[in-house]
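Every chain is numbered from 1 and lettered A, B, ... according to where its sequence line falls, protein lines coming before strand lines.
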Number of protein chains: 2
Amino acid sequence: MVTFFKQHNYKEELKDFGLKATPARLAVVEFLENAKKPADVNSIMDYLQQKRVNADPATVFRMMNDFVKRGITKQIQFETGKARYELLSKGDHHHLICENCGKIEAVSDTVIPQMEEEIKKEHNFLVKRHSLEFFGLCKDCSLKKN
Amino acid sequence: MVTFFKQHNYKEELKDFGLKATPARLAVVEFLENAKKPADVNSIMDYLQQKRVNADPATVFRMMNDFVKRGITKQIQFETGKARYELLSKGDHHHLICENCGKIEAVSDTVIPQMEEEIKKEHNFLVKRHSLEFFGLCKDCSLKKN
DNA sequence: ATGGTTGCAAACACTTTGCACATGA
DNA sequence: TCATGTGCAAAGTGTTTGCAACCAT
């Protein structure tokens, strides 16, 4: 299995997906690669601006839809009414979202695969993807709250 | 522990939550009680119309925010940009969402509580709520797709 | 050269908000 | 009666789309 977007030859990797290596796409992939948490379009726009790569929100939305369709990124929702994106190459893990300070940690996936097995057996339902997020209070905030 | 909205004395139960029993609220609670899957505001509006209970979308949105805040319902997201609501009294379970026909099944929660224990131990993160949904192909659709 | 990509503006869908009026307890 | 709830209209946010111009290959 190939791990994409790990060797920083983004240009080649985009081409492997049949995508032209435009400045905006290169910058977005780089941003996602270094992002510590799933990014929304707003944060992507900010990064592009900071990098002096100009791109329209419409372009970014189109790009992200494209990336999701091609399996470059996955879409995640923490809050309602806003999509976040994460590189699929970052592997399968879930998020701990602190409702107080907004910090996001990752937890590795331990039990979901076997749960999906059970679902196949008991429901004849073929799971293709899942979403699992935990909301609550991070270490620091749960101390403060007492 | 009390199970709310199970004995169909919605009026009393709303009052227990400190809410006035208005026609719209009574109808919405009744709808959610009988709903087989988490309802979006659109489907609620349809039901109200059919029941000849007139209510503005703004009212329903306000109502649902209120219900969530008071722990009557929880908010769920399947698709982006649209919230769905389910009575909390329906218990903890997750959903199997067929990406082909849209059918939604429920699966009981088996492993998440212990996962939350581990998270507390290993990350010092206090989980207050979680979201877990599975997307894929239901029995019928996975047969058709072959 | 040409098809994939983009910017722009407009349109959409969902949701929230302010305010005056209405209604349940 | 009076706080709570509601309708209406307007505004806010995130996202999509049509189309002409543009640019990577």
Side-chain angles (χ1 to χ4, degrees), chain A residues 9-30 38-49 51-70 72-86, chain B residues 9-31 38-49 51-70 72-86 102:
Chain A
N9 45 348
Y10 302 139
K11 213 159 183 166
E12 268 310 312
E13 288 156 355
L14 278 172
K15 277 200 275 184
D16 290 348
F17 277 103
L19 294 174
K20 289 182 182 172
T22 67
R25 289 215 263 242
L26 287 169
V28 169
V29 168
E30 181 196 314
D40 58 18
V41 169
N42 244 320
S43 68
I44 295 174
M45 291 304 294
D46 287 350
Y47 179 78
L48 292 176
Q49 203 153 2
K51 273 271 186 169
R52 302 265 140 60
V53 176
N54 45 351
D56 194 85
T59 300
V60 177
F61 278 111
R62 271 190 285 236
M63 197 188 303
M64 297 323 296
N65 285 339
D66 222 46
F67 283 7
V68 169
K69 200 171 301 169
R70 290 169 200 257
I72 299 174
T73 58
K74 67 173 165 179
Q75 215 191 47
I76 303 177
Q77 345 240 119
F78 293 165
E79 50 276 290
T80 38
K82 188 158 78 172
R84 287 170 178 266
Y85 303 91
E86 190 171 66
Chain B
N9 44 347
Y10 302 139
K11 215 158 181 167
E12 270 310 313
E13 288 156 357
L14 278 173
K15 277 200 276 182
D16 290 348
F17 277 102
L19 294 174
K20 290 182 183 174
T22 68
R25 289 215 263 242
L26 287 168
V28 169
V29 168
E30 180 196 315
F31 177 59
D40 58 18
V41 169
N42 244 321
S43 68
I44 295 174
M45 291 303 296
D46 288 350
Y47 178 78
L48 293 177
Q49 204 154 0
K51 272 272 186 166
R52 302 265 140 59
V53 176
N54 45 350
D56 195 85
T59 300
V60 177
F61 278 111
R62 272 189 286 235
M63 197 187 304
M64 297 323 296
N65 285 338
D66 222 47
F67 282 8
V68 170
K69 201 170 300 169
R70 290 171 200 257
I72 298 174
T73 57
K74 66 173 165 180
Q75 214 190 48
I76 303 177
Q77 343 241 119
F78 293 165
E79 52 276 289
T80 38
K82 190 159 78 172
R84 289 170 177 265
Y85 303 91
E86 190 171 67

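Atoms CG (N54(A)) and C1' (dC22(D)) sit 13 Å apart, rounded to a whole Å. For M45(B) and dC8(D), the CE to C1' distance is 13 Å, given to the nearest whole Å. The nearest whole Å value for the distance from the CG atom in L48(B) to the P atom in dG5(D) is 17 Å. Between the CD atom of E79(B) and the C1' atom of dT15(D) there is a distance of 14 Å, rounded to whole Å. Counting to the nearest Å, the P atom of dG24(C) and the CZ atom of F17(B) are 21 Å from each other. Following rounding to the nearest Å, M63(A) (CE) and dA24(D) (P) show an atom-to-atom distance of 13 Å.
The stretch residues 17-28 of chain B participates, sequence neighbours left out, in no side chain to side chain donor-acceptor pair (under 3.5 Å) pair at all. For the salt bridge (charged side-chain N to carboxylate O under 4.0 Å, His left out) condition, the pairs that include at least one residue of residues 55-67 of chain B, sequence neighbours left out, are D66(B)-R70(B).
If one axis is set at each end of the helix from dA1(C)-dT25(D) to dA25(C)-dT1(D) from five pairs, those axes are 40° apart, to 10°.
Separation of atoms CD1 (I76(A)) and OG1 (T80(B)) is listed at 12.5 Å; rounding is to 0.5 Å.
Considering all non-hydrogen atoms of both residues, Q77(A) and G81(B) come closest at NE2-N, 4.4 Å. Nearest heavy-atom pair across L26(A) and A21(A) is CD1-O, 4.1 Å.
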Give the B/S/- string for nucleotides 11-21 of chain C, one per nucleotide from 5' to 3', where a protein heavy atom under 4.0 Å of the base yields B, of only the sugar-phosphate yields S, and otherwise -. ---SBBBB---
Which atom pairs, one a donor and one an acceptor, fall under 3.5 Å between side chains of residues 38-48 of chain B and the rest of the protein, sequence neighbours left out?
unit_1, atom_1, unit_2, atom_2, d
D40(B), OD1, N42(B), N, 3.4
D40(B), OD1, S43(B), N, 2.8
D40(B), OD1, S43(B), OG, 3.1
D40(B), OD2, K82(B), NZ, 2.9
S43(B), OG, D40(B), N, 3.4
S43(B), OG, D40(B), O, 2.8
Y47(B), OH, E30(B), OE2, 2.5

Polar atom pairs between nucleotides 3-5 of chain C and protein, under 3.5 Å, N or O only, would you list them?
unit_1, atom_1, unit_2, atom_2, d
dG3(C), N2, K20(A), NZ, 2.8
dT5(C), OP1, K20(A), N, 3.0
dT5(C), OP1, R25(A), NH2, 2.5
dT5(C), O5', R25(A), NH2, 2.4

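For the pair M64(A) and V28(A), the minimum side-chain heavy-atom distance is below 4.5 Å.
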For the pair I72(B) and Y85(B), evaluate side chain to side chain contact (heavy atoms under 4.5 Å, CB included) and give the outcome as yes or no after the intermediate values. CA-CA 10 Å; I72(B) 298 174; Y85(B) 303 91; over 6 Å; no
